[in-house]
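Notes to accompany the following structure.
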Amino acid sequence: MSEPNVVSWTALMAGYIDTGQPKMALWLFRKMPECSVMPNTFTFATVVNACSILADLKTGKKVHAQVEIFGFQSNLVVCSSLIDMYGKSNDVNEAHRVFDSMGYRNVVSWTSIITAYAQNAQGHDSLQLFREFNWSTSDRPNHFMLASVINACASLGRLVSGKVTHAMVIRRGHDSNDVVASALVDMYAKCGSIGYSSKVFRKIQHPSVIPYTSMIVGTAKFGLGKLSLELFQEMLDRGISPNDVTFVGVLHACSHSALVDEGLEHLNSMYERYGIMPDAKHYTCIVDMLGRTGQLDRAYSIAKSIQVKPDEGALLWGTLLSTSRLHGRVDIALEASKWLIESNQQVAAAYVTMSNAYALAGRWENVHGIRSEMKHSGVSKEPGCSWIEIKDFTYVFYAGDVSSCARGSEVVILLRELEGRMKERGYVGGSMGLVFVDVEEETKEEIVGLHSERLALGTFGDIFVLIIQHTFTLGPYSVVQVFNFLLK
DNA sequence: GTAGGGTTAG
């Protein structure tokens, strides 16, 4: 073309984005002024989209400034693309500022802001905005919006809200949409209802790699390692190629069900058979798997050989630290915590876990040393917590020190008894952990009534004892398997 | 010629 106009420039940029080359779109955008072609709203929406894909906040902000200079700040499409860009670049506050500035909004702009919150671990705000959308507009949610809302429910573990959203999906006729179905499969698994996951999954006509991966990950987290690997095989038999995330699920299944040989075989097959290079997240699973089964030296040498970015290292070395503590390997725990502290990653958690490793080894002088060091340097750890939604109330549980709680000594007796039963049935591993809380009588009845069989063993006098122990201290056993032990 | 959705390790 002798004189390409703004449409030709924009079309070319969009073409590069469609073919996975967003950087080329940005390059073209910078070239435009040299040819005296002025960008318009279409151009800006496209360029902002390129920044969004790259999660390039710095460039995104510069482009946003230009949007203002050109006076396009009230354009609906440009604003939606900006909200999306800020969301994907993890700047939710800025996304909300753009959303607030809009005089007119449609389903897309609402979806962009709901998604921004859902994808940035702010599920509550995401759901609140969804409610606001429903009563403030006459528009109805479509499959894009519903997929994001289901994602928010999944991240919060909110089964009831998830079911309500599922009902909306059915009512609006979106239940055959494969993206919505994948979101539902994931949501039910994360809300503890793997049976519903499976039901939704089996209704998908031609499941792609993503719903398969959701099922593989879901069953893996439930401690159903064998089933997880069967699903993987089924996927391969149907000619669907796994991706890097699928292998995270497969390796996770192996580590959480103590399938060491299978895990190593899958790791080796990744590149050979499927051309997928194992990276830090896969090696983290392998380190976890070897660590859980007590092969700490092997796990340590693998961790040392992996090149990692700081955030990947936080997980890799954090995993090694956890399993070292579990098996009382103070030497390796020390190396792992050193890596974390020197890289300024998860510093408080590293101190606490290291202190616990020393405590397990009876090295109390070191425990006190770490605690005073923490105090001195002002490092403090936010306690972790779990929560469960029962009817319309959310119960939050903090890991507690048994001895400092009401009737703690009786709880310890109960715990030792449960531990004894587990050992009789072949459980090997460290001491059981426990989370317990005093609740109102009627609340207890409500909870116990709902899960009477499961919680019968967990109720102790007027103290409601909830055994929530992460697979991590249960060695190769999952919490579901432990429940099964106890109920037999 | 333009904007929105699903899977990821401790």
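Letters A, B, ... are given to chains in the order of the sequence lines, protein chains preceding strands, and every chain is numbered from 1.
Note on Lys309(A): every side-chain N or O is 4.0 Å or more away from OP1 and OP2 of dA9(B). Residue Lys88(A) places none of its side-chain N or O atoms closer than 4.0 Å to OP1 or OP2 of dA3(B). Residue His143(A) has no polar side-chain atom (N or O) positioned under 4.0 Å from OP1 or OP2 of dG4(B). For Gln345(A), no side-chain nitrogen or oxygen approaches OP1 or OP2 of dG10(B) to under 4.0 Å. Within the 4.0 Å cut-off from OP1 or OP2 of dG4(B), at least one side-chain nitrogen or oxygen of Asn49(A) is found.
Relative to the side chain of Phe42(A), the nucleotides dG1(B), dG6(B), dA3(B) differ in distance, and dG1(B) lies closest. The side chain of Ala14(A) lies closest to dT2(B) when the candidates are dG4(B), dT2(B), dA9(B). When distances run from any side-chain atom of Thr284(A) to the nucleotides dA9(B), dG6(B), dT2(B), the shortest one goes to dA9(B). Minimum atom distance to the side chain of Val245(A) is reached by dT8(B), of the listed dG4(B), dT8(B), dG5(B). Picking from dG4(B), dA9(B), dG10(B) the nucleotide with the shortest atom distance to the side chain of Ser112(A) gives dG4(B). When each of dT2(B), dG1(B), dT8(B) is scored by its nearest atom to the side-chain atoms of Thr46(A), the top-ranked nucleotide is dT2(B). Comparing atom distances between the Val248(A) side chain and each of dG1(B), dA9(B), dG10(B) picks out dA9(B) as nearest. Side-chain proximity of Ala11(A) to dA9(B), dG1(B), dG5(B): nearest is dG1(B). Residue Val107(A) has its side chain nearest to dG4(B) when only dA3(B), dG4(B), dA9(B) are considered.
Aromatic pair Phe99(A)/Trp110(A): centroids less than 6.0 angstrom apart. Close placement of the Phe247(A) and Phe232(A) rings is indicated, their centers lying within 6.0 Å of each other.
By the salt bridge (charged side-chain N to carboxylate O under 4.0 Å, His left out) test, Arg238(A) pairs with Glu234(A), sequence neighbours left out.
Side-chain contact between Leu127(A) and Arg158(A): present, with at least one pair of heavy atoms (C-beta onward) separated by less than 4.5 Å. Gln119(A) places a side-chain heavy atom less than 4.5 Å from the side chain of Lys88(A).
For dA3(B), the base has a donor-acceptor partner in the side chain of Ser80(A) [N/O atoms by modelled type, under 3.5 angstrom]. For Asn151(A) and dG5(B), a side-chain-to-base donor-acceptor distance below 3.5 Å is absent, hydrogens and geometry of angles not being considered. In terms of polar N and O atoms assigned as donor or acceptor, the side chain of Ser182(A) comes within less than 3.5 Å of the base of dG6(B) in a complementary pairing. If you check distances only, the side chain of Asn142(A) never reaches the base of dG5(B) with a donor-acceptor pair under 3.5 Å.
A donor atom on one side chain and an acceptor atom on the other are found under 3.5 Å apart for Asn243(A) and Thr246(A). Of the N and O atoms on the side chains of Ser81(A) and Asp84(A), not one donor lies less than 3.5 Å from an acceptor on the other residue.
The stretch residues 191-207 of chain A has no heavy atom under 4.0 angstrom from DNA chain B at all.
If you take OG on Ser148(A) and NE2 on His143(A), they are separated by 11.5 Å, rounding to the nearest 0.5 Å.
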